[in-house]
Amino acid sequence: MSTRRDLDSITPLYSAARTQLDSRGIDLESVRAKLNTQAIEVPSWGFSRGGTRFGRYVDGSEARNVREKIEDAGLVFALTGVTPAVSLHFPWDGSREDEYKRIPGYLKEAGIGVGAINSNTFTPRAEPLDHRLRYGSLTNPDPAVRLASVEHNLDCIRIMRLVGSKTLKVWLPDGTNYPGELSFCDQSDYLEECLEEIYSQLRDDEVLLIEYKLFEPAFYSTAVADWGRALTLAQRLGDRAKVLIDLGHHAHGVNVEQIVANLARLGRLGGFDFNDRKSADDDLAVSSIDSYQIFLIYNALVEGELRGHLDLSRLSFLIDQSSHRKNPIEEVIESAAALQRAYAQALVVDRKRLADAQRKHDLVAADRILKQAFFEVPVHAVIQMNRHERGLPLDPIDAFREGGYEAERRSRRAADRPAVGESLF
Ligand code: AFD
Ligand code: MN
């Protein structure tokens, strides 16, 4: 896949990386081996066109149904080698038994596996999950809505087993818009009772990821608003209930890497929904706004693994983004590549010198050590050498563009609109 010219451009940078790492006693081969184990889940919903309440601008190249989303996810894996699974979302990716049953075939066709299954109690559907969802799902004062919302999650557990997933991911839109709308005591009683029922149906090799979010769609209170509430729920439910951290779900200024370290120490870190944001929960491409935070998160993960607090291979690393303006496939590739870079940067931190600087209160030395890993080691050459040796394109975006994949999809998908099973999102 790579040409002699490409390799000639990498080799000097790769040698410079080796020289720097040798001088710090960091083994380049083990860094490369770890990078080759990195596995990220891409979001099925990231391949259709995202939108806001102001509009959604479809141009005909996007995936329109679960088969096309999985096809696109398969292309990202073929081009990057780091995204072997797709996370699915119901009912966006299907709402009938016959649709669920076709998914294993689509996954096989695409050469990828399945990651977490996302339940969705925010999209209105048949009663009682119709307009009544306005007042919540698992925390709705109407027991019929709570029961149906639990049932939906139990359906997602059935889908997990049908498609080969071991992970149920629950993000709740539940909350209130006004003081007095719902007692916070009732909100928590309902929530805990419903989650206990859902958790009780999971098998010993299945996990529940509880995702928190500060606000939206509710504006006055959110049932699972922060890591503390998600943690207390997980601790109440059992060992296979963990917390999922979505980067866009915090107030500005919150130290996410500290949350990562603390949840890992407690054995309750389940994984991530990676994205980036400037304002709120913007679901922008990873590292498009703040690259340093992603590095510091991976720095906390690498330290957590070295201290025995976590096993990276057992966490769920999802991308959770929504493509409003870019080509969705390109935007997912950008995010996958950004997560590779962040992990590589965290792996080349000189931890011996960092620990020494910390013991001596040498804050400048500690900062320089992190910045050397972030700015100075040419980790992209290390990543590209791995890609070369695995027969992958050195630059997956270039490969996507040179492969004509977008034009091919646009002509094929625009031609037969409306698609069967047009996705809601
Ligand atoms: C929305 C929510 C949350 C969830 C995602 C998939 O804010 O991030 O993980 O949808 O359901 O972005
Ligand atoms: Mn999320």
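As the structure lists them, so they are numbered: ligands from 1, and atoms in each ligand from 1. Heavy atoms only: backbone and side chains are in, while hydrogens, waters and symmetry mates are out.
The protein non-hydrogen atom at the shortest distance from atom 9 (O) of ligand 1 is Glu211 OE1, 2.7 Å. Nearest non-hydrogen protein atom to atom 7 (O) of ligand 1 is Lys213 NZ, 2.9 Å.
Set against the non-hydrogen atoms of His249, the atoms of ligand 1 under 4.0 Å away are 3 (C), 7 (O), 8 (O). Residue contact check: Asp283 has heavy atoms under 4.0 Å from atoms 12 (O) of ligand 1. For ligand 1 and Asp281, the ligand atoms under 4.0 Å from any heavy atom of the residue are 7 (O). Residue Lys169 has at least one heavy-atom neighbour below 4.0 Å for each of these atoms of ligand 1: 9 (O). Under a 4.0 Å criterion applied to the non-hydrogen atoms of His89, ligand 1 contributes the atoms 6 (C), 11 (O). Against a heavy-atom cut-off of under 4.0 Å, Asp246 is close to the following atoms of ligand 1: 8 (O).
Polar contact with ligand 1: absent for Trp171 (N/O pair, distance under 3.5 Å). Not a single N or O atom of Trp45, backbone or side chain, sits closer than 3.5 Å to an N or O atom of ligand 1.
No salt bridge links Glu62 with Arg56; every basic N to acidic carboxylate O contact stays at or beyond 4.0 Å. By the 4.0 Å N-to-carboxylate-O rule, Arg158 lies close enough to Glu151 to be salt-bridged with it. Salt bridge annotation for Arg401-Asp398: absent, with no cationic side-chain nitrogen under 4.0 angstrom from a carboxylate oxygen.
With no hydrogens or angles considered, a side-chain donor-acceptor pair links Asn275 and Asp246 at under 3.5 Å. One side chain, Arg229 or Ser188, offers a donor N or O that lies under 3.5 Å from an acceptor on the other. There is a side-chain donor-acceptor pair under 3.5 Å between Ser335 and Gln321. No side-chain donor from either of Asn140 and Arg132 sits under 3.5 Å from a side-chain acceptor of the other. Judged by distance alone, the side chains of Arg409 and Tyr405 never bring a donor and an acceptor atom under 3.5 Å apart. Counted by atom type alone, Asp320 and Trp45 present one or more donor-acceptor pairs between their side chains at under 3.5 Å.
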Listed pairs under 3.5 Å, donor-acceptor, residues 368-382 side chains, sequence neighbours left out:
residue, atom, partner, partner atom, Å
Lys371, NZ, Asp367, OD1, 2.9
Lys371, NZ, Asp367, OD2, 3.1

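Residue contacts with ligand 1 for Asn120 are absent, since no atom lies close enough (heavy atoms, distance under 4.0 Å). Neither the backbone nor the side chain of Glu216 has any atom closer than 4.0 Å to an atom of ligand 1 (non-hydrogen atoms only).
In this structure a side-chain-to-backbone donor-acceptor pair under 3.5 Å is present from Arg49 to Ser323.
For the pair Thr123 and Leu133, the tightest heavy-atom approach, listed with the atom from each and the gap, is O-CD1, 3.7 Å.
Nearest-residue assignment for atom 10 (O) of ligand 1 (options Asp320, Thr121, Asp273, Asn118; heavy-atom criterion): Asp320.
For the Mn ion (ligand 2), the count of nearby protein N, O or S atoms, meaning those under 2.8 Å away, is 4.
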